[in-house]
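Report on one structure; see the data block that follows.
Note: hydrogens, waters and symmetry copies are ignored here, and every other heavy atom, side chains too, is used. Whatever order the structure lists them in is the order used to number ligands and atoms, beginning at 1.
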Amino acid sequence: MLQPPHSSLQVAAVPAQRVPARDQDAPWHTEAVCRRDEAGLFFAPSKEPTAARLSREEAAKRVCARCPVMVECREHALLQPEPYGVWGGLTAAERRVVLARRRRRDMELKKAARTADRIAQAG
Ligand code: SF4
């Protein structure tokens with residue numbers, strides 16, 4: 001499991017309205033805005049009350065919203081899949097929803113392809 005993005009945090013360094021340009025040659029996690037996370041925004045402490053969790057997750061998502069590698073981070077977390085924490089602006093529960101939608105979409109595409117094959121063979 002890859003951990004570097006959440007090992008540190010740099011929230012105040014990036015203005016809210018600007019997302020820095022992405023260096024396409026660098027590994028995505030080297031440009032993670034959260035690399036100096038000392039506030040622990042991205043992972044829940046044990047026995048965290050619901051209101052505190054929601055507030056912490058929203059704060060983490062605000063960091064993600066101005067991160068130049070949000071797309072790469074999100075895909076990494078979906079493909080692994082990462083079971084805990086906020087990655088790419090999504091909580092673990094939100095990632096499970098995205099993965100379920102992708103599985104459903106893939107099944108529908110396969111079904112449509114099989115139907116198209118049958119029609120072509122019959123035709
Ligand atoms: S999208 Fe969020 S979790 Fe991912 S690297 Fe950027 S700040 Fe960190």
Using a strict cut-off of 4.0 Å, indicate which atoms of ligand 1 neighbour a heavy atom of [X].
| X | answer |
| --- | --- |
| M70 | 1 (S) |
| A32 | 5 (S) |
| C67 | 1 (S), 5 (S), 6 (Fe), 7 (S) |
| V86 | 3 (S) |
| G88 | 1 (S), 3 (S), 4 (Fe) |

Check: Does L78 share a hydrophobic cluster with V97, counting links as ILVMFWY side-chain heavy atoms below 4.5 Å and allowing steps through other members?
Finding: no

Check: Same cluster or not: are F42 and V69 linked, directly or through other Ile, Leu, Val, Met, Phe, Trp or Tyr residues, by side-chain heavy atoms under 4.5 angstrom apart?
Finding: yes

Next item on the list: Just say parallel, tilted or perpendicular for the rings of W87 and H76, cut-offs at 30° and 60°.
Entry: tilted

Item checked: Ion pair R62/E58, N-O distance below 4.0 Å -> no

Please tabulate, for side-chain N and O atoms in residues 114-123, each donor-acceptor pair with protein atoms closer than 3.5 Å (sequence neighbours left out).
| unit_1 | atom_1 | unit_2 | atom_2 | d |
| --- | --- | --- | --- | --- |
| T115 | OG1 | K111 | O | 3.0 |

Check: Just wondering, is there an N, O or S atom on C64 that's nearer than 2.8 Å to atom 2 (Fe) of ligand 1?
Finding: yes

